[in-house]
Amino acid sequence: MMNSGDDDFPPNPFRTDGGGAPGFAQPPPQQQQPQFGQPQPQFGGQLDPVQANNHMNQGPQFQPSAAAMGMGGAMSPQQMDPTTPASTSTSWWGLCMACMRLDTYKRYFDVDTYDIQKRMIAAMTHFHQPQYFRDQVVGPENPNLGIDAATTSDLKGPDLYGPVWITFVLILMVAATANWSASLRYSNDVEAEFEYDINHLLHAWTFLTAFVFGVPSVFWLCTRCMSLQALTLPEWICYYGYSMVPYLPASILCTIPVNFIAWIVLMAATAASGLLVLRNASTPLLASDATAQKAPPLILAILVAHFIFFVAMGVTFYHHGKAHHAV
Amino acid sequence: MQTGQQQWADPSLSAQGGMMGGTGGPAMGGNMNANAHEEALFQPYSTLDEPVLETIMRDVRAVISKLKVVMLPLDRTPHFVGGYTGVSQSDQGAEQTAQDDEMSENDRKVIQELKDWDLWGPLIVCLALAVLLSFKAPTNQASLVFASVFITVWCGSAVVTINAQLLGGNISFFQSVCVLGYCIFPMTMAALVIDLLKPTWFSWAWLDLVFLAAAFLWATRASSVFIGLYVKRERRFLAVFPVLFFYTFVAWLILLF
């Protein structure tokens, strides 16, 4: 499909670089069109020629709009992450369809066991060092992942495997340990214990999913709206996901039914977790903020979100007051 | 229909090899059975004229054969343990890893049998478990228990399968859901045993844990080997861990309810 040099069609209204002016070098349609034998015609039809030129030598295989999922809507090429793959569709429908397909997520699962191990250990041991997790463990987002087999770098970019499974494991552990600590504290009859379990599981699921996936998305949207090009959405979710690692041993320690110990342990875990996110997110935020007026409130908001999470976890699961059957 | 009189093969001959999902319908001729009935089976046969019992029993026999395969006793050789600790650089693919020496004969048979997937077995097993657990629950919670067990089993299987696919494994979705569903059967047995022993002298919490641990080992034996087969060796543990987590979660639900 010709999208330049063809004067019969009006300028492409969806193009964000100022209109479909002819004169751009035509992207190689023979390489790219066969890949899009899919029910979304927008993918094949609306290639941004600037991006296509940048990535013409990358071979015929690329995964459509993986970064577009993170980028959102119609972005100008200057604002876009320079490592975006060439197949980014700029239409909303194309992006919505991209979210439904597994291929867009595959690049965030392209990790080995050793990588996940390394990241989890780094989350526990190097959370206080500025930029360590981001620069030396995770690395920037890599659009060639899974495509370019010659990538020898150890830094594979943000992954979603860690956040997803750490969250699930933590949900189960929090629900189990909350019930266990309650049963150690009180002598419950069977029905009250049952009531606790289902509600603990549901509460744990709500809190943790909202915190690991919802809060970073909100922050990412804020940076988008404030035009701070700091971190991509997968990077946000990755850091928040790995910041949950300190809570895994903390939840086990919280089975001790003494309130004071539970709060201390949770506070330590929150400190570690908050530091991990702050140390890795604040530098890019401050660096991308020219006026130095938009980033500090955002950083403060990250701190506040962590504190609220800490209080909510403590109160809901591990604090045992006098009345124990109220749920 | 080339001739007026089509000679239909005897459907009862294909009863041993008849499967629900894998063969693709009666017109295939049942080429799964490589025995003396081969000639008759190569002709298309119609299952319309057979007795209803025969139709039902075909699927029942398929389900029972797969259940038997899943419940085979544990192998002595720690075959899949060796596979996960290896840090091999080469990516051999699913077919070649099936021929590795680390795959015992038993496992190969299990995998082969489970490749013809059907969803009746998992449905029956899941319903049995959900009904069993909802009987034990207090009356006003019974439907909640049933719903949570049912959803856990099916959504959990889906999540584990999607995870394996995302990690780069070319695994078939329904095949994997089928395997995971069949492997819940030891858990259902454990839940039944625990329930039967409750009114007797044997109802300690520790004994329940022992039963569930045995069921867990049994359940993860075939399913983790199956899932791990389709994924590169460097990330096999990443694909197998969700399987372990899934069965731990089911065991926790059984313990709870």
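Within every chain, numbering begins at 1; the chains are lettered A, B, ... in the order of the sequence lines, protein sequences first and strands thereafter.
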Which heavy atom in Val111(A) sits nearest to a heavy atom in Leu167(B), and how many Å separate them?
-> O-CD2, 4.3 Å
So how far is it from Phe249(B) CZ to Leu201(A) CG, rounded to the nearest 0.5 Å?
-> 4.5 Å
Pairs of donor and acceptor atoms involving the side chains of residues 172-190 of chain B, under 3.5 Å and at least two apart or interchain, shall be tabulated with distances.
| from | atom 1 | to | atom 2 | distance (Å) |
| --- | --- | --- | --- | --- |
| Ser172(B) | OG | Gln175(B) | N | 3.4 |
| Ser176(B) | OG | Thr161(B) | OG1 | 2.8 |
| Tyr182(B) | OH | Asp118(B) | OD1 | 2.9 |
| Tyr182(B) | OH | Asp118(B) | OD2 | 3.3 |
| Thr188(B) | OG1 | Ile184(B) | O | 3.3 |

Between Lys106(A) and Gln165(B) the two heavy atoms that sit nearest each other are CE-O, 3.3 Å
What is the distance from atom CZ of Arg235(B) to atom OG1 of Thr113(A), rounded to the nearest 0.5 Å?
-> 8.5 Å
Would you indicate whether the side-chain heavy atoms of Phe237(B) and Ile116(A) approach each other to under 4.5 Å?
-> no
Mind checking the CZ-CG spacing from Phe109(A) to Asn163(B)? Nearest 0.5 Å is all I need.
-> 6.0 Å
Correct closest heavy-atom pair for Leu238(B) and Asp112(A) would be CD1-C, 3.6 Å
Among all residues two or more places apart in sequence or in another chain, which pass the ring-ring contact (aromatic ring centres under 6.0 Å, His included) test with Tyr240(A)?
-> Phe211(A), His306(A)
Where on Val164(A) is there a heavy atom nearer than 4.5 Å to chain B: the side chain, the backbone, both, or neither?
-> neither
Using 30° and 60° as the class limits, which term best fits the ring planes of Phe245(B) and Trp165(A): parallel, tilted or perpendicular?
-> perpendicular
In Å, rounded to the nearest 0.5 Å, how long is the span from CG of Leu166(B) to CG of Leu160(A)?
-> 9.0 Å
